[in-house]
2 protein chains.
Amino acid sequence: MSERTKIKDIARVAGVSTATVSRALSDSALVTDATREKVRAAANRLNYRLNVRARNLRIQKSMAVLLVVRNMSNPFYLEIFKGVEAVARAAGYVLLMGNTEDDPAREAEYFDMLRDGQADGMILMTGTLPEGHAVLDPASGAPPIVVALEAVDDCGLAHVQIDNCAAAKQAVRHLASLGHRKIAHICGPLPEILSRLRRDGYRKAMAKAGLEIPRNYEPAGDYSIQSGRACCAALFDADNPPTALFAANDEMAFGAIGELRRRGLRVPEDVSVIGFDDLFVSESYSPPLTTISQPRVDIGRTAMTMLLDIIGARQSVPRTIEMQTELIVRQSTGKAPNKLEISAQ
Amino acid sequence: MSERTKIKDIARVAGVSTATVSRALSDSALVTDATREKVRAAANRLNYRLNVRARNLRIQKSMAVLLVVRNMSNPFYLEIFKGVEAVARAAGYVLLMGNTEDDPAREAEYFDMLRDGQADGMILMTGTLPEGHAVLDPASGAPPIVVALEAVDDCGLAHVQIDNCAAAKQAVRHLASLGHRKIAHICGPLPEILSRLRRDGYRKAMAKAGLEIPRNYEPAGDYSIQSGRACCAALFDADNPPTALFAANDEMAFGAIGELRRRGLRVPEDVSVIGFDDLFVSESYSPPLTTISQPRVDIGRTAMTMLLDIIGARQSVPRTIEMQTELIVRQSTGKAPNKLEISAQ
DNA sequence: TTGAAAGCGTTACCAG
DNA sequence: CTGGTAACGCTTTCAA
């Protein structure tokens, strides 16, 4: 009980060599059914368990995949984890969690782990890359990395993402179709590509609808509830308050709704609000939030599947897969208020 | 570039043995400063990186810790992950994610990983144990497992938890202090210890306040928003609707609030609602939710610290650490409505 | 203080 | 098809 049985013990008991035991246990075609059975029986009798560490050392793999996020406590990642986990598990991989807290040094450490073989692949959701890391050296071939959620420009890596720009357009079109003409956008932090893409979508859709964007209609938050509240306050403290708000994520939309309510404005009667992400609470928020839904579990699944392809070298050309988003109309958006405009034309 | 340098290469370049290289690199006291420097220099020049797999095989450790939850997409776990991660990282451990989806077979697999040395320890948050698993055999000493969040009775394992019963009492006392006398409790699924503890707290506090609990005042949900909605509906469809609701978690509280609103009842003017957990959205919910807050990050940190103690055998007696909860009064609770009661005494 | 060598438990090559 | 044996890359006795 204290000593673990190893392949050598089985060999002795079954009267074969360790090589044969290894082959029998791994379903190699190079053993007769008879010996395979014999070995299996012995292994069972001895209560044998494979030593994964030894095996991994020998086969030069870790059978682990790194999942790197910038902030572990962002609920948005959860369902992505779930999708990744399901596929990884089925393929025999374990999941290693990485959390960078937006620290480039920590991000680099995870890349080190990849280089050092502590993980066979990585799903990166930080939106950044450690510059000039050895793993990214083009000389060493396609690195086993899939960038998910957040795009990284021109990095030659595989991507799984959504069409943020198109989704943003769809959100704005929805508001415009309800008769809104004064539509503001609460942006995410603009250094991030993601935020800029959504803002671009907003701008394009506004242009297409023939709507103007006043100078102050694009306040930028940081995706937090608090910043949504602040951006909303700024919009409604100004001269020309909007009748509709498109927030770059649901949390900022929540903040905005809170602020509107504080000011005695009703949602959606006075102001319509639309979010982005469809968090698990958005459906039951009050009012239930109209938002853009991303297929999160599917993004995770797809990213992991791509990663397996790359690891298995079944595919070497880095691809970008675009997932479909969906506009979920709930009750935070409604017809534009049709009170007469008193403002000067 | 293609071949990784190993300690053998360093040994050759530095003109010492591999044993010395190993010692020098691991700061052993058994080398002179001079040779240590020489080896270090050579290692740097050759761009040496330790092969963690080989090292782990040799030292018989995996330097990994399993974090097992019953449902990976529950946002409640996030900050616990964060706390665990911080401590694990500092101690040189990596985090392996485990997701059981309430499947005992999957849970057993993670225990297998522990037994097989794929992880050196485990933080278990499923509230269950695979019965009779070898790892739990008392003969093999204190297993490197810390049960967090959800208690498991009489298992002889280390625990990090909150006093659910006391916290529930506190919630009920708060409602009673506002003048409520008809206080109902939306329970979690009663097979779970956690749910029962919170319900017991509710019962004790009600008794102490001299309040009766009508037969239908303890509907049980499953911690989902939908179930909160359903339980609330059941309460208000019945004869004797409460003026205050204590939900066993925030999600059910959200569901209840949604249902109340649907019925035209105001929170907190007509009905007060209190939750449990203090999810990240609860603060900005509308109305901001009064709830019981658990020190989640701290629970994670503490659990991981305990685990390190057990792994390092610095402590062998399984302890239970109880963390402090806090009542967060926000705006979903208010004075009991003082309209005259028409119901028969 | 250093070196030689024996593992850690597998897998995979090469003969037979 | 099977067996012997050399790796995988490191740590750690045991001697010197």
Side-chain angles (χ1 to χ4, degrees), chain A residues 2-43 46-64 92 112-113 115-120, chain B residues 2-43 46-64 92 112-113 115-120:
Chain A
S2 60
E3 303 277 312
R4 289 187 54 129
T5 73
K6 30 197 171 190
I7 226 173
K8 212 169 168 181
D9 302 321
I10 303 179
R12 189 163 20 77
V13 170
V16 295
S17 73
T18 59
T20 302
V21 174
S22 173
R23 284 190 282 250
L25 258 27
S26 56
D27 272 324
S28 159
L30 295 167
V31 278
T32 44
D33 289 352
T35 48
R36 193 198 324 283
E37 277 321 305
K38 192 170 54 180
V39 170
R40 285 271 170 75
L46 298 179
N47 231 302
Y48 172 73
R49 300 241 91 212
L50 173 68
N51 181 321
V52 180
R53 270 196 305 259
R55 166 175 222 271
N56 285 349
L57 171 61
R58 178 63 234 229
I59 67 175
Q60 309 269 55
K61 297 186 93 188
S62 62
M63 296 309 282
D112 285 345
M113 288 179 64
R115 170 180 54 178
D116 296 348
Q118 289 207 65
D120 296 335
Chain B
S2 58
E3 302 280 310
R4 290 186 55 128
T5 72
K6 26 196 170 187
I7 61 174
K8 211 170 169 181
D9 302 320
I10 303 180
R12 191 164 18 77
V13 170
V16 295
S17 73
T18 59
T20 302
V21 173
S22 172
R23 285 191 278 251
L25 259 26
S26 57
D27 272 325
S28 159
L30 296 166
V31 277
T32 41
D33 289 352
T35 47
R36 193 198 322 284
E37 277 320 305
K38 194 169 55 178
V39 170
R40 285 273 169 75
L46 296 180
N47 231 303
Y48 173 73
R49 303 239 90 215
L50 173 69
N51 182 320
V52 180
R53 271 196 305 258
R55 166 176 222 274
N56 286 348
L57 172 60
R58 179 61 232 231
I59 68 175
Q60 307 270 57
K61 297 186 92 190
S62 62
M63 295 309 283
D112 285 345
M113 288 179 63
R115 169 179 56 176
D116 296 349
Q118 289 207 66
D120 296 335

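In this text the structure is predicted, and so the values were computed from the model without any measurement. Throughout, a chain's letter reflects where its sequence line sits, starting with A, and its residues are numbered from 1.
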*Using the closest heavy atom to pick a nucleotide of DNA chain D for each, name whichever of B:Leu30 or B:Asn51 lands nearer the 5' end.*
B:Asn51

_Could you tell me how far apart A:Ile59 (CD1) and C:dG9 (P) are, to the nearest whole angstrom?_
17 Å

*Answer yes or no: side-chain N or O of A:Arg58 and base N or O of C:dT10 forming a donor-acceptor pair under 3.5 Å.*
no

*Would you say C:dT11 has OP1 or OP2 under 4.0 Å from some side-chain N or O of A:Arg55?*
yes

_Please determine whether a side-chain nitrogen or oxygen atom of B:Gln60 lies at a distance below 4.0 Å from atom OP1 or OP2 of C:dG7._
no

*Take atom CG of B:Leu57 and atom P of D:dC10, then tell me their distance rounded to the nearest Å.*
12 Å

_Atom-to-atom span, CG of A:Leu25 to P of C:dA12 - whole angstrom_ = 13 Å

*asked:* If you assign B:Ala19 and B:Ala54 each to the DNA chain C nucleotide with the nearest heavy atom, which residue ends up on the more 5' nucleotide?
replied: B:Ala19

*Grab the two heavy atoms, one from B:Arg23 and one from B:Val31, that are nearest each other, plus how far apart they are.*
CB-CG1, 4.1 Å

*Report the nucleotide, chosen from D:dT2, C:dC8, D:dC10, that has the shortest atom-to-atom distance to any side-chain atom of A:Thr20.*
D:dT2

_Can a donor-acceptor pair be found, under 3.5 Å and without considering hydrogens, that links the side chain of A:Arg55 to the backbone of A:Leu50?_
no

_By the 4.0 Å heavy-atom rule, please label B:Thr35 as base, sugar-phosphate, or nothing._
sugar-phosphate

Are any protein N/O atoms closer than 3.5 Å to N/O atoms in nucleotides 14-16 of chain D? If there are, list each pair with its distance.
none

*Check against salt bridge (charged side-chain N to carboxylate O under 4.0 Å, His left out), A:Asp27 and A:Arg40*: CA-CA 10 Å; A:Asp27 272 324; A:Arg40 285 271 170 75; 3.0 Å; yes

*Over how many whole Å does the gap from A:Lys8 atom NZ to C:dT10 atom C1' extend?*
12 Å

*Return no unless some side-chain N or O of B:Tyr48 is found under 4.0 Å from OP1 or OP2 of D:dG9.*
no

*side chain to side chain donor-acceptor pair (under 3.5 Å) contacts touching residues 7-20 of chain B (sequence neighbours left out)*: B:Asp9-B:Arg12, B:Ser17-B:Thr20

*What does A:Arg49 touch in the nucleic acid at a heavy-atom separation under 4.0 angstrom: a base, only the sugar-phosphate, or nothing?*
sugar-phosphate

*Rounded to the nearest angstrom, tell me the gap between atom NZ in B:Lys61 and atom P in C:dG9.*
16 Å

*B:Lys38 NZ to C:dT2 P: how many Å, rounded?*
8 Å

_Without decimals, in angstroms, what is the distance between A:Arg4 CZ and C:dG9 C1'?_
10 Å

*Looking only at heavy atoms, what is the nearest atom pair of B:Ala14 and B:Lys38, with distance?*
O-CE, 3.6 Å

*asked:* Is a donor from one side chain sitting under 3.5 angstrom from an acceptor on the other, for A:Asp120 and A:Ser62?
replied: yes

*Starting from P on D:dG9, measure out to CD on A:Gln118 and report it in whole angstrom.*
15 Å

*What's the shortest heavy-atom distance between B:Ile10 and B:Tyr48, and which atoms?*
CD1-CG, 3.4 Å

*What's the verdict on side chain to side chain contact (heavy atoms under 4.5 Å, CB included) for A:Asp112 and B:Arg49, showing C-alpha distance, side-chain angles and the deciding distance?*
CA-CA 9 Å; A:Asp112 285 345; B:Arg49 303 239 90 215; 3.6 Å; yes

*asked:* Using a heavy-atom cut-off of 4.0 Å across all strands, would you classify B:Thr32 as base, sugar-phosphate, or nothing?
replied: sugar-phosphate

